[in-house]
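Accompanying notes for the structure given below.
One-based numbering, in listed order, for ligands and for the atoms of each. Nothing fancy with the numbering, it's 1 onward along the sequence.
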Amino acid sequence: MSKEPLVYINGEYYPKSKAAVSVYDHGFLYGDGVFEGIREYDGIIFMLREHIDRLYDSAKAIMLEIPMTKEEIINAVVETLRRNELRDAYIRLVVTRGVGDLGLDPRKCKNSNVIIITEPALTLYSKEAKLKGISLIISSVRRDRVDATTHQIKSMNYLNSILAKLEAINAGADDAVMLDDRGFVAETTSTNIFIVKNGIIATPPPTTGALPGITRAFVMRLAKRLGYHVEEREITPFELITADEVFVTGTGAEILPVTKIAGRTVGDGKAGKITLRLMERFEKECRDPANGVKVYPD
Ligand code: PXG
C-alpha cells in the first residue's frame, strides 16, 4: 500500500484518514474561515508569498487572527510538501475560526485552526481540451456585492459561486460568468476573466466583487511585459460576447481559452492568438524560481 499523504493541522502531521477538525468548528458550521489554493510546479511554489499576503488580508477583513507569522506559514507549507515528497502539487491552505458553540458569535472561538492539505497536481484539462476551450453561460446568480460577502475576501463561503456552478452544470456548460449587481462582468465561479478586442486586453476591477486573483495579476504583468496594452475596466456582457478572444485565469485553471459564451461562439471558436501566446509563456514562467519559493535544495 502506498504511504498515506500527511495533512498539517496546527503544527502536527496526520495521515489523511485521521486528519479531521471538530463539527463545532465555525468553518464547518458557518463557513467562517479563509483559504488559499496554491500550486507547486517542479519544486517551486508559484507566487507563494502573494498567496500568503492575500490569506492575511482575507483574515484581516473577517477579524480572524492567524496564530502564526507569514514566515512560519511559508515554512509549514514547504515542510508539508517535503514530507509528502511532492514536486508538482495542489496546496489547500485553510484557516478556520475554530471550535465555538452553536451560536455564531466568533468571540466564542478561542483558537483558529490552520490546515495545509497537499495533493499531487491534477491535470484539470488535457492539452487538447485546453486548446479547444471551455463554454460558459451567463449566470442569473449575481456576484455578492463589495459591501456584502464580496469575493475580494477569499472566504470559506462559496455558495454564491456554487449556485452559479449548478446553473452551468444544468445547462451543460463548463462554467458560468457572474455579473455584479449592476450587470457588469465580474468573473466566473472560480476564475478571473479577460477579453481581447482589437489587440487590447481587458479584465474587470475588484469593485465588481471579483477576487483579485494571483494568476490574474501575474498574467496582467506578463502581458504588459510582452508589449500588450492591458486595461482594468468595467466590461459589459455585450463586450464579452463580441470579444475577439476570451480567456480565464486561476490557480487550478491556469490560463484557459473560452470559446463559447451564452450560446455565442467567441471569435472563430478556437483559442485566440494572444491567449495562446500567454499560455505558452505562462507554462515557462510558473516553473521559474524567480516567481516562487523553492521547496528542495539544489
Ligand atoms: N475568482 C474566484 C472566485 C476564485 O475562487 C479565482 C478567481 C482565481 O484566483 P487565483 O488567485 O487562483 O488566480 C479564484 C480561485 C481551484 C479553485 O481549484 C480555485 C479557487 C477556489 C476554489 C478552487 O482552482 N479560487
Side-chain angles (χ1 to χ4, degrees), residues 27 31 33-41 45-58 61 77 88-95 115-125 129-130 134 136 139 141-146 148-169 174-180 184-194 203-223 232 235 246-256 258 278-279 282-283 285-286 291-292:
V34 294
F35 78 98
E36 283 295 321
I38 311 164
R39 280 281 281 272
E40 176 199 25
Y41 294 94
I45 312 169
F46 181 59
M47 297 276 112
L48 178 61
R49 290 180 194 283
E50 290 76 4
H51 279 284
I52 302 294
D53 285 345
R54 187 171 67 184
L55 181 79
Y56 275 76
D57 286 347
S58 295
V77 171
D88 289 275
Y90 182 81
I91 303 151
R92 178 57 59 92
L93 176 51
V94 188
V95 186
I115 297 151
I116 304 166
I117 308 168
T118 59
E119 302 244 318
L122 296 176
T123 333
L124 282 182
Y125 298 90
K130 274 195 138 186
I134 58 166
L136 303 177
S139 178
V141 181
R142 299 299 176 99
R143 181 48 94 215
D144 287 336
R145 287 166 50 119
V146 286
T149 45
T150 173
H151 273 231
Q152 280 186 281
I153 304 171
K154 200 162 167 63
S155 83
M156 290 170 68
N157 178 351
Y158 258 62
L159 266 188
N160 184 228
S161 282
I162 290 165
L163 289 173
K165 188 76 182 183
L166 286 170
E167 206 180 357
I169 293 166
D174 293 309
D175 205 352
V177 177
M178 302 187 72
L179 309 178
D180 69 11
F184 289 103
V185 174
E187 58 180 342
T188 78
T189 62
S190 63
T191 57
N192 292 111
I193 195 158
F194 287 76
T203 191
T207 48
T208 58
L211 180 84
I214 306 284
T215 320
R216 170 187 181 274
F218 189 82
V219 166
M220 287 171 83
R221 279 199 305 275
L222 175 63
E232 189 182 64
I235 294 170
V246 176
F247 62 88
V248 295
T249 64
T251 297
E254 303 172 314
I255 303 174
L256 264 184
V258 176
L278 292 170
M279 286 169 76
F282 186 82
E283 233 184 277
E285 298 270 346
C286 64
N291 296 323

query = side chain to side chain donor-acceptor pair (under 3.5 Å) between Asp144 and Thr149: does it pass, once the steps are laid out?
reply = CA-CA 6 Å; Asp144 287 336; Thr149 45; 2.7 Å; yes
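- Lys165 contributes a side-chain N or O that, together with a main-chain N or O of Asp174, makes up a donor-acceptor pair within less than 3.5 Å.
- By the 4.0 Å heavy-atom criterion, Phe218 is excluded from the residues contacting ligand 1.
- Polar contact check, Glu187 against ligand 1: a nitrogen or oxygen pair lies under 3.5 Å apart.
- Taking 4.5 Å as the limit, some side-chain heavy atom of Met178 sits within range of a side-chain heavy atom of Val141.
- For Thr249, no nitrogen or oxygen atom sits less than 3.5 Å from a nitrogen or oxygen atom of ligand 1, counting backbone and side chain alike.
- With a 4.0 Å heavy-atom cut-off, ligand 1 is reached by the side chain of Arg143 but not by its N, CA, C or O.
- Counting atoms of ligand 1 from 1 in the listed order, those under 4.0 Å from a heavy atom of Gly250 are 8 (C), 12 (O), 13 (O).
- Relative to atom 6 (C) of ligand 1, the option among Ser190, Ala210, Ser155, Ala253 with the closest non-hydrogen atom is Ser190.
- The main-chain N or O of Gly37 is never found under 3.5 Å from a side-chain atom of Arg92 such that the two would form a donor-acceptor pair.
- Shown in contact with Leu211 at under 4.0 Å from a heavy atom are these atoms of ligand 1, numbered in order with element: 1 (N), 2 (C), 4 (C), 6 (C), 7 (C), 9 (O), 14 (C).
- Atoms of ligand 1 found under 4.0 Å from any heavy atom of Arg92 (numbered from 1 in listed order, with element): 22 (C), 23 (C).
- Contact annotation: Lys154 has at least one heavy atom less than 4.0 Å from an atom of ligand 1.
- Taking the six-membered ring where the residue is Trp, Phe194 and Phe247 present parallel rings, their angle staying beneath 30° rather than reaching 60°.
- For atom 3 (C) of ligand 1, the nearest non-hydrogen atom from the set Met178, Arg216, His151 comes from His151.
- Contact atoms of ligand 1 toward Thr189: 3 (C) (distance under 4.0 Å to a heavy atom of the residue).
- Glu254 places none of its side-chain heavy atoms less than 4.5 Å from the side chain of Met279.
- Residue contacts with ligand 1 leave out Gln152, since none of its heavy atoms falls under 4.0 Å from the ligand.
- Close contacts between ligand 1 and Gly252 involve ligand atoms 24 (O) [criterion: under 4.0 Å to a heavy atom].
- Residue Gly213 has at least one heavy-atom neighbour below 4.0 Å for each of these atoms of ligand 1: 9 (O), 10 (P), 11 (O), 13 (O).
- Residue contacts with ligand 1: Arg54 is included, with a non-hydrogen atom under 4.0 Å away.
- When all heavy atoms of Arg143 and Thr189 are compared, the closest pair comes out as NH2-O, 3.7 Å.
- Taking CZ of Arg54 as the start and CE of Met47 as the end, the distance is 12.0 Å to the nearest 0.5 Å.
- Distance check: Phe46 CZ to Ile214 CD1 gives 9.0 Å after rounding to the nearest 0.5 Å.
- Assignment of Glu50 to the shell around ligand 1 is not supported, since no heavy atom sits closer than 4.0 Å.
- Short contacts between ligand 1 and Phe35, defined as distances under 4.0 Å to a heavy atom of the residue, involve ligand atoms 21 (C).
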key: Stepwise salt bridge (charged side-chain N to carboxylate O under 4.0 Å, His left out) test for Arg216 and Glu187   = CA-CA 11 Å; Arg216 170 187 181 274; Glu187 58 180 342; over 6 Å; no
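- No donor-acceptor pair closer than 3.5 Å links the side chain of Thr208 to the backbone N or O of Asp180.
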